[in-house]
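This chain uses plain numbering: 1 for the first residue, then up along the sequence. Just the heavy atoms: all of them, side chains too, but no hydrogens, waters or symmetry mates, feed the values below.
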Amino acid sequence: MNQPRIRKKSRLSLLHQYYSYTGFYAFLWDALKKATPPILIFIGALLAINFWVVDIQTVLAHVIDNYSNFSVLLIFFISESILGIIPPELFIAWSDKTSNPIGALSLLALASYLGGIVSYYTGKAITKIPSVHNYLEVKMAKHIKNTRKWGGFLIIVGALLPVPFAMTSIAAGMIHFKFKYYLLFGLLRFLRFYLYALVIFNLV
């Protein structure tokens with residue numbers, strides 16, 4: 001009597017099953033819900049300031065006239081290396097008013113990417129300082145736990161969505177996520193800047 005054939009699941013199906021069981025899709029949906037309001041608030045605030053407070057183009061022109069491109073890029077790089085404390089959208093708006101918007105935007109994306117690498121190595125270095133490591137294990141417990149579970153997928157989310165990429169990078173460094181894969185997934189940071197620019201360039 002022939003035994004019924006057991007259908008072997010594809011790797012893609014198994015990955016889908018794993019991410020479903022571990023809550024990755026729920027996490028991704030939650031991240032999207034949290035990411036959308038800040039973007040809408042930023043756009044709304046930008047429009048409100050432009051119409052009722054001060055002309056945004058005048059402010060950006062002032063920055064361009066009084067600060068070198070190198071100074072602005074350096075400030076952004078430092079920000080992206082330290083928990084992403086300044087919203088990248090402000091710098092994207094600045095890049096549109098430079099003499100070479102696409103070039104400036106690409107340099108911003110590169111600065112963010114390199115800032116992420118600094119954060120990655122910061123995470124690795126932290127593991128050698130027990131007191132700091134233990135402190136961040138508590139402060140970044142969720143990030144570290146999720147990075148251990150989902151690895152590259154979480155780095156992709158951090159690269160694309162408006163969440164601090166530096167925090168995801170630090171967590172990746174702390175768990176010693178393979179650097180070559182971190183570099184590969186982190187390249188999506190460039191895509192994020194180009195996609196956001198499509199919207200922001202039409203607002204300022």
Side-chain angles (χ1 to χ4, degrees), residues 27-120 122 140 142-143 153-172 182-183 185-204:
F27 166 81
L28 185 59
W29 175 241
D30 186 55
L32 285 170
K33 286 193 294 184
K34 288 179 179 178
T36 302
I39 295 173
L40 296 178
I41 290 171
F42 171 78
I43 292 173
L46 197 64
L47 291 173
I49 291 170
N50 188 61
F51 283 119
W52 292 302
V53 182
V54 63
D55 182 38
I56 294 294
Q57 295 194 33
T58 301
V59 173
L60 294 174
H62 175 78
V63 172
I64 291 170
D65 291 339
N66 291 276
Y67 299 93
S68 67
N69 290 354
F70 176 78
S71 298
V72 176
L73 289 168
L74 180 60
I75 291 170
F76 181 62
F77 169 72
I78 293 171
S79 171
E80 290 292 273
S81 302
I82 311 173
L83 301 182
I85 51 180
I86 306 177
E89 289 76 14
L90 294 174
F91 292 90
I92 293 174
W94 161 82
S95 70
D96 186 37
K97 300 308 171 186
T98 62
S99 58
N100 183 1
I102 299 302
L105 180 68
S106 299
L107 288 174
L108 284 174
L110 179 62
S112 180
Y113 182 66
L114 295 176
I117 293 173
V118 171
S119 296
Y120 175 89
T122 299
M140 296 178 58
K142 186 175 180 181
H143 255 61
F153 267 62
L154 191 63
I155 294 171
I156 290 171
V157 168
L160 288 174
L161 297 184
V163 294
F165 183 51
M167 290 186 67
T168 301
S169 300
I170 290 173
Y182 169 82
L183 290 177
F185 297 136
L187 286 172
L188 287 170
R189 197 67 176 159
F190 286 84
L191 179 61
R192 178 197 191 278
F193 276 74
Y194 294 133
L195 289 176
Y196 279 49
L198 289 176
V199 176
I200 294 174
F201 279 13
N202 290 317
L203 290 176
V204 296

In terms of heavy-atom contacts, does OH of Tyr194 have more than 12 from other residues, nucleotides or ligands at under 6.0 Å?
yes
Restricting to side-chain hydrogen bond (donor to acceptor under 3.5 Å, both in side chains), what partner residues turn up for Ser119, sequence neighbours left out?
none
Do Asn69 and Trp94 have side-chain heavy atoms sitting under 4.5 Å apart?
yes
Working to the nearest 0.5 angstrom, can you tell me the gap between Ile102 CD1 and Asp96 CG?
8.5 Å
Report the C-alpha distance between Phe91 and Leu73 in whole Å, list the side-chain angles of each, state the deciding distance to 0.1 Å, and finish with yes or no for side-chain contact (heavy atoms from CB on, under 4.5 Å).
CA-CA 9 Å; Phe91 292 90; Leu73 289 168; over 6 Å; no
Residues 157-166 vs side-chain hydrogen bond (donor to acceptor under 3.5 Å, both in side chains), sequence neighbours excluded, gives none
CG (Asn100) and CG (Leu107) are apart, to the nearest 0.5 Å, by 8.5 Å
Could you tell me if the side chain of Val118 sits less than 4.5 Å from the side chain of Leu114, heavy atoms only?
no
Value for CD (Glu80) from CZ (Phe165), rounded to nearest 0.5 Å, stands at 8.5 Å
Just so I know, are the side chains of Ile86 and Phe76 near enough to count as touching, which here means a heavy-atom distance under 4.5 Å?
no
Tell me, do Pro88 and Arg189 make a side-chain contact under 4.5 Å, heavy atoms counted?
yes
Take Leu183 and Ile117 through the side-chain contact (heavy atoms from CB on, under 4.5 Å) test and state the conclusion after the steps.
CA-CA 8 Å; Leu183 290 177; Ile117 293 173; 3.6 Å; yes
Spacing of Ile155 atom CD1 and Leu187 atom CG [to the nearest 0.5 Å]
11.5 Å
Are Phe193 and Ser106 side-chain neighbours, meaning at least one heavy-atom pair lies under 4.5 Å?
no
Judged by atom type as modelled, is there a donor-acceptor pair below 3.5 Å linking the side chain of Ser112 to the main-chain atoms of Ala109?
no
So CD1 of Ile92 and CG of Leu108: to nearest 0.5 Å the spacing works out to 7.0 Å
So which atom in Ser169 and which in Tyr182 form the shortest heavy-atom distance, rounded to 0.1 Å?
OG-OH, 2.7 Å
Report the distance from atom CG of Leu188 to atom CG of Leu160, rounding to the nearest 0.5 Å.
5.0 Å
Here the pair of heavy atoms bringing Phe201 nearest to Pro101 is CE2-CB, 4.1 Å
